[in-house]
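One structure is given here, and the rest of the page talks about it.
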Amino acid sequence: MATEFHNLQELRHSASLANKVFIQRDYSEGTTCRFQTKFPSELDSRIERTLFEDTVKTLNNYYAEAEKIGGQSYLEGCLACTTAYIIFLCMETRYEKVLKKIGRYIQEQNEKIYAPRGLLITDPIERGMRVIEISIYEDRASSGSSSGSSSTSGTSAR
Amino acid sequence: MLHLGVAEPMRDCEYSQISTRSSTPMETPFKKRTPKRRKWQAFPGRNKFYCDGRIMMARQTGVFYLTLVLILVTSGLFFSFDCPFLSVKLTPAIPVIGGVLFVFVLGTLFRTSFSDPGVLPRATPDEAADLEKQITNCSSSGYRPPPRTKEVVINGQTVKLKYCFTCKIFRPPRASHCSLCDNCVDRFDHHCPWVGNCVGKRNYRFFYLFILSLSFLTIFIFAFVITHVILRSHQEGFLSALKNSPASVLEVVVCFFSVWSIVGLSGFHTYLISSNQTTNEDIKGSWSSKRGKDNYNPYSYGNIFTNCCAALCGPLPPSLINRRGFVESDTSQPTPPTNGITMYGSTQSQSHMAAATPLMQTETVILTNEGSLPGRTSLGGPCSGALPLGGQPTPPTSNPNLSSDSDMLPLRKDHIDGLHHHHTDGGHHPFLTPEEAPSPPGMLPCGSPVGHSHTVQGFYNPASQDSLHEDSVRGLVKLSSV
């Protein structure tokens, strides 16, 4: 890997944002929240394909769990309806609980896997659940030509 | 070597944000110099917010107050004048059941009107630029698909995703742009002036329960007021019964006229829920078998029971627009790759600001630019009596700089909104047919009361309108990439 970062703090101090990659939604199975697992070419030199795909697949599984329609969601829905939805003042919906889990998972992935490679994942909820935004950082200390070449190779590959 | 030196950011809102900029907890304000602003204050759509962002409604709320007054007055009269007689003569269960229905109606009404219908936040400048790049790259290759559409296959059906020029996103399937609120709404059903809000993914079930319970309440009041008058006229004769309880006459009149539309609407929405369609889709006939033998609804679960349960008892997705969060001091990290993007981003935020403060700036814009609009040819809607708006494409060459184009956007929308407002003043519209904003397939349907028939053919975008608009946007892209 071209750059090594020990934690997110170092990213902030020494890196400049080179590019952003957006992983779009996969609507092939309907309107449930899924993201495409296709590996973007800009990340080719930065991270292993399997790690990336694992992250996206785990996120997809979390979202599927949040939106699952089954016994528990029916129970929650009926209970909420009978209490005129007042119960949501005290209780968190299942979706919100899973969203918090996703937030923690993304934080953990960033710290363990992505930040050391100069990448940062933004939680999709910050982007309206439309995209997973992955920011690619370049170390300011390293030569500017590497950032230039990675972004041009990215655009020409399309 | 991993060094976990960062404290987990404290969550001011429900969603955690990975912040590489500071390790201080999120609850301390990002900007120490200027006062904190909440996100609803900078919201680009045309919504009104109350209670510091907790309540969200459309801009025109007059009809909502009418709904509220009608319900309160009719129920109030019922409880004050008819219930004492009926509870003595028949059973005290009557006011109890009436009371429960009344509370339920109000609860669901407020929930529908005040909650976020499922608004999709607009694209960040980086996202928009990335999409623009992809679109221009795709269309520079040999095969040229219709611009600004993407096709996806969902459960075997091909669905076209349209690009929203206002929100700069490809709309997810079943989402639509509400021109009245100027937002893209997920699973957009329709904009209901009676509840003063759009009806979309997050508040559809409340809307349905509202009209269902209101039907029951209306029928309940109607039936028992008639019973009251009949019982009284056994005692005193018909005319003196009416004289002694004049409120009953008013209630009967109100209930009689409401019952048809409300019960009809409930029936219609029951059908929609059981077939898992939106009003939008039903009106366009997207999934009807008339379009083709293989046309079916890819979102339906197959049986009525599952469709109903999913719509009413399924998980409630959270709001995507985080109204009460705080606006960050700088919008994003420094220097995205091309200079044009920051320029683009800043004019975007200006136009968003213009839309967010609806009254002052856009009205003056309308006054100065009024002359340019009426000259536009209307983009051929099938309605012969169509409002002479057309889709109003921006002319390709008359926008030498970005800022004038961003001025045009709120202008067009306000113009459309103004005309649309005139249109709704006169009639009794249980709901408005949903419309698309200035994007080229923007043929505005005439809002006939339960207008089903007219919009089907007109919704397709002729290539000519599209190329005009596409040229202007290409001009934009070229300018921004300088």
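Protein chains get the first letters and strands the later ones, always in sequence-line order, with residue 1 at the start of each.
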Highest number of heavy-atom pairs under 4.5 Å with chain B: which of A/C81, A/S73, A/G77, A/S28? A/S28
Where [X] and [Y] come nearest, the two heavy atoms and their spacing:
X      : Y      : value
A/L99  : B/P318 : CD1-CG, 3.3 Å
A/T93  : B/L316 : OG1-O, 4.4 Å
A/K20  : B/D126 : NZ-OD2, 2.7 Å
A/M129 : B/L320 : CG-CD2, 3.2 Å

So with a 6.0 Å cut-off around CZ of B/F216, is the heavy-atom count from everything else above 12?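 Counting other residues, nucleotides and ligands, CZ of B/F216 stays at 12 neighbours or fewer.
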Residues, nucleotides or ligands: over 12 heavy atoms within 6.0 Å of B/K39 NZ: yes
Heavy-atom pairs under 4.5 Å with chain A are the metric here; pick the option from B/V119, B/D186, B/L131, B/V153 that has the most.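 Most heavy-atom pairs under 4.5 Å with chain A: B/V153.
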So which of B/L312, B/I169, B/V152 has the largest heavy-atom pair count under 4.5 angstrom toward chain A?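 Looking at each option in turn, the highest pair count goes to B/I169.
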Within the 4.5 Å heavy-atom criterion, are A/E29 and B/I154 side-chain neighbours or not? no
For the residue pair A/Y27 and B/V159, establish whether any side-chain heavy-atom pair is separated by less than 4.5 Å. no
Kindly compute the distance separating [atom1] ([X]) from [atom2] ([Y]), expressed to the nearest 0.5 Å.
X      : Y      : atom1 : atom2 : result
A/F22  : B/D130 : CZ    : CG    : 5.0 Å
B/C313 : A/L79  : SG    : CG    : 11.0 Å
A/I69  : B/T306 : CD1   : OG1   : 9.0 Å

Of the backbone (N, CA, C, O) and the side chain (C-beta and beyond), which part of A/Q24 lies under 4.5 Å from a heavy atom of chain B, both, or neither?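 For A/Q24, the side chain is the part near chain B, not the backbone.
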Pick one of side chain, backbone, both or neither for A/A66, based on which atoms fall under 4.5 Å of a heavy atom in chain B. backbone
For A/K97, all residues meeting salt bridge (charged side-chain N to carboxylate O under 4.0 Å, His left out), sequence neighbours excluded: none
With a 4.5 angstrom heavy-atom cut-off, is it the side chain or the backbone of B/R187 that approaches chain A, or both, or neither?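 For B/R187, no heavy atom lies under 4.5 Å from chain A.
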Is it the side chain or the backbone of B/P298 that comes within 4.5 Å of chain A heavy atoms, both, or neither? neither
Under 3.5 Å, is there a donor-acceptor pair between the side chain of A/R130 and the main chain of B/P121?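 A pair under 3.5 Å: yes.
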Those residues at least two apart in sequence (or on a different chain) that pass side chain to side chain donor-acceptor pair (under 3.5 Å) with B/R174 are B/N276, B/E281
